[in-house]
There are 2 protein chains.
Amino acid sequence: MIDQQTMPPSAKLRPQLSPDLIVAAASNVLERDGIDGLTMRAVAAELKVQAPALYWHFPNKDALQVALFDHLMADLAFAIDGRDWREDIHLMCHQLRRHLLARRDSAQLLPHGFFVGPNMMEQAETILGILIQAGMTPKDAAYAMSTGVSYIITWVIGEADILQRRLTGHDGNDQLAHRLVATGRYPYFAQAIGAFELGGDIEGQFDFGLNCLIAGFEQLVPRR
Amino acid sequence: MIDQQTMPPSAKLRPQLSPDLIVAAASNVLERDGIDGLTMRAVAAELKVQAPALYWHFPNKDALQVALFDHLMADLAFAIDGRDWREDIHLMCHQLRRHLLARRDSAQLLPHGFFVGPNMMEQAETILGILIQAGMTPKDAAYAMSTGVSYIITWVIGEADILQRRLTGHDGNDQLAHRLVATGRYPYFAQAIGAFELGGDIEGQFDFGLNCLIAGFEQLVPRR
DNA sequence: ACCTGAACACCGTTCAAGT
DNA sequence: ACCTGAACACCGTTCAAGT
């Protein structure tokens, strides 16, 4: 006969809660219901537990979101060849963009901007290594990485929004811009308005900003 | 004797609600209580009105926030001399940063990234004019502007967070990074960690990213 | 046309109480 | 040590009803 005290029946059906289990459940909720559906109550329900139980393992929702972000970055393995640092950085940035886009609303997880957690640390080490080996000072490399990652995170948030507006056909912004341009008081904007349209070349625009940043990075690397 | 129907007594004490009045009230609430205090109920209370009244003039809170952002950008007058486009852009970006920092949490107002409203339109026209006159194609100028403004907005959100963490002394991020670096498994990060510290050169880091972008912009302008 | 009262369907978080 | 039950103090938004 099993001792009820040390081994209650529920223990076999549902293992004890842990930060890892909670993060895994939160990941499911985020993928299924998006950032608006990611509530403490929903994560708790996913684990068949009451919401306050989560507060034994995380001090607050922000901490859970940070841990979840770091978890989602764990399986990000950069495929680089180490020949040209410019190509490597370019490739890594595109990979990070795709990684974030593939995990619903992951870019909106960090409440206070870019943050290096335990898993993200590995990726950061790789990036910093490339930049420092290319000839940057450690400080420049740190700034470059944080500027680049911030760019990509912000971009992905905006891109996800554009993709959704395309689906829903909600182009209120475009309509307002066109009305204003029609007044004739904004000649330069009138020339450029095509670039702001919803049907624009979205990946090309990502590359535009990325190439601008990399061009700036190049100036920090000594010529040979 | 005044007709009660057309001129009720309350009309003299409190004029009719309007989008402009609501935006002005929202501006007060934001400055006083920050983005977390900016609720429909708080804006309504500022106007001595019930919250549902606002929904007659704005479809939802997002629309009010967008209108508020545009309002806060109305008195942004760029001081440029038109001699060197690089200097002008640099100056405008610093001015936009200061403008956003001076209006509490204004950078967090836009729910879906950068947006050009009626007031912001004037500023956009100025920026696009400089870039196009410098020799950029209208499309490149549009991409450059949107990349630059996004960079500044994201930066300011992060900078406000850093400034607050300095005040509250909340440097949990730093502690985690130091613990991980102490394992010795991240040699490159160990060299760069000083740049991530809270006491870093914050304006220098802003300039770093800005100069990278402008270096990229320069490649889009024909040499002479 | 424009606003109020009351309610709906939620939130994050706290805390005494259970086991 | 770890979780539940119940509650607190809010949210954005809807909608019938008033004027």
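The analysis underlying the following values was restricted to heavy atoms, covering all of them including side chains, and did not include hydrogens, waters or symmetry mates. Chain identifiers are assigned alphabetically (A, B, ...) following the order of the sequence lines, protein sequences preceding nucleic acid strands; residue numbering begins at 1 within each chain.
Counted by atom type alone, B/His178 and B/Glu197 present one or more donor-acceptor pairs between their side chains at under 3.5 Å. In the model, A/His94 has no side-chain atom that pairs as donor or acceptor with a side-chain atom of A/Arg98 under 3.5 Å.
Checking A/Arg41 against A/Ala51, the closest nucleotide of DNA chain D that is more toward the 5' end is the one next to A/Ala51.
Atom CZ in B/Phe58 sits about 15 Å away from atom C1' in C/dC2, given to the nearest Å. A/Leu47 has its CG atom 10 Å from the P atom of D/dT4, to the nearest Å. Nucleotide D/dG12 holds its P atom 10 Å from the CG atom of B/Leu54, rounded to whole Å. The nearest whole Å value for the distance from the OH atom in A/Tyr55 to the C1' atom in D/dG5 is 16 Å. Atom NZ in A/Lys48 sits roughly 13 Å away from atom P in D/dT4 (whole-Å rounding). Separating the CG atom of B/Leu21 from the C1' atom of C/dC2 is a distance of 14 Å, rounded to the nearest angstrom. Put simply, CD on A/Gln50 is 15 Å from P on C/dT19, counting in whole angstrom units. Look at NZ on B/Lys61: it is 14 Å from P on D/dT14, rounded to the nearest Å.
Residue B/Trp56 has a polar side-chain atom (N or O) positioned under 4.0 Å from OP1 or OP2 of C/dC2.
For the pair B/Ile127 and B/Phe78, the minimum side-chain heavy-atom distance is below 4.5 Å.
Candidate nucleotides C/dG12, C/dC3, C/dG5 were compared by shortest atom distance to the side chain of A/Thr39, and C/dG12 ranks first. Between D/dC11, D/dT4, C/dC3, one nucleotide has an atom nearer to the side chain of B/Val49 than all others, and that is C/dC3. When distances run from any side-chain atom of B/Gln16 to the nucleotides C/dG5, C/dC2, C/dG12, the shortest one goes to C/dC2. Among the nucleotides D/dG5, C/dG12, C/dC3, the one closest to the side chain of B/His57 is C/dC3. Set against C/dC15, D/dG12, D/dC3, the side chain of A/Pro52 has C/dC15 as its closest nucleotide. The listed nucleotides are D/dT13, C/dG12, D/dC2; the one nearest the side chain of B/Asn60 is D/dT13.
Between A/Arg97 and A/Asp207 no salt bridge is recorded (no basic side-chain N to carboxylate O distance below 4.0 Å).
D/dC15 is paired with C/dG5 under the criterion used here, namely a Watson-Crick or G-U wobble arrangement in which both key atom distances are under 3.5 Å.
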Test side-chain hydrogen bond (donor to acceptor under 3.5 Å, both in side chains) applied to A/Thr147 and B/Gln205, step by step: CA-CA 9 Å; A/Thr147 304; B/Gln205 192 167 354; 5.6 Å; no
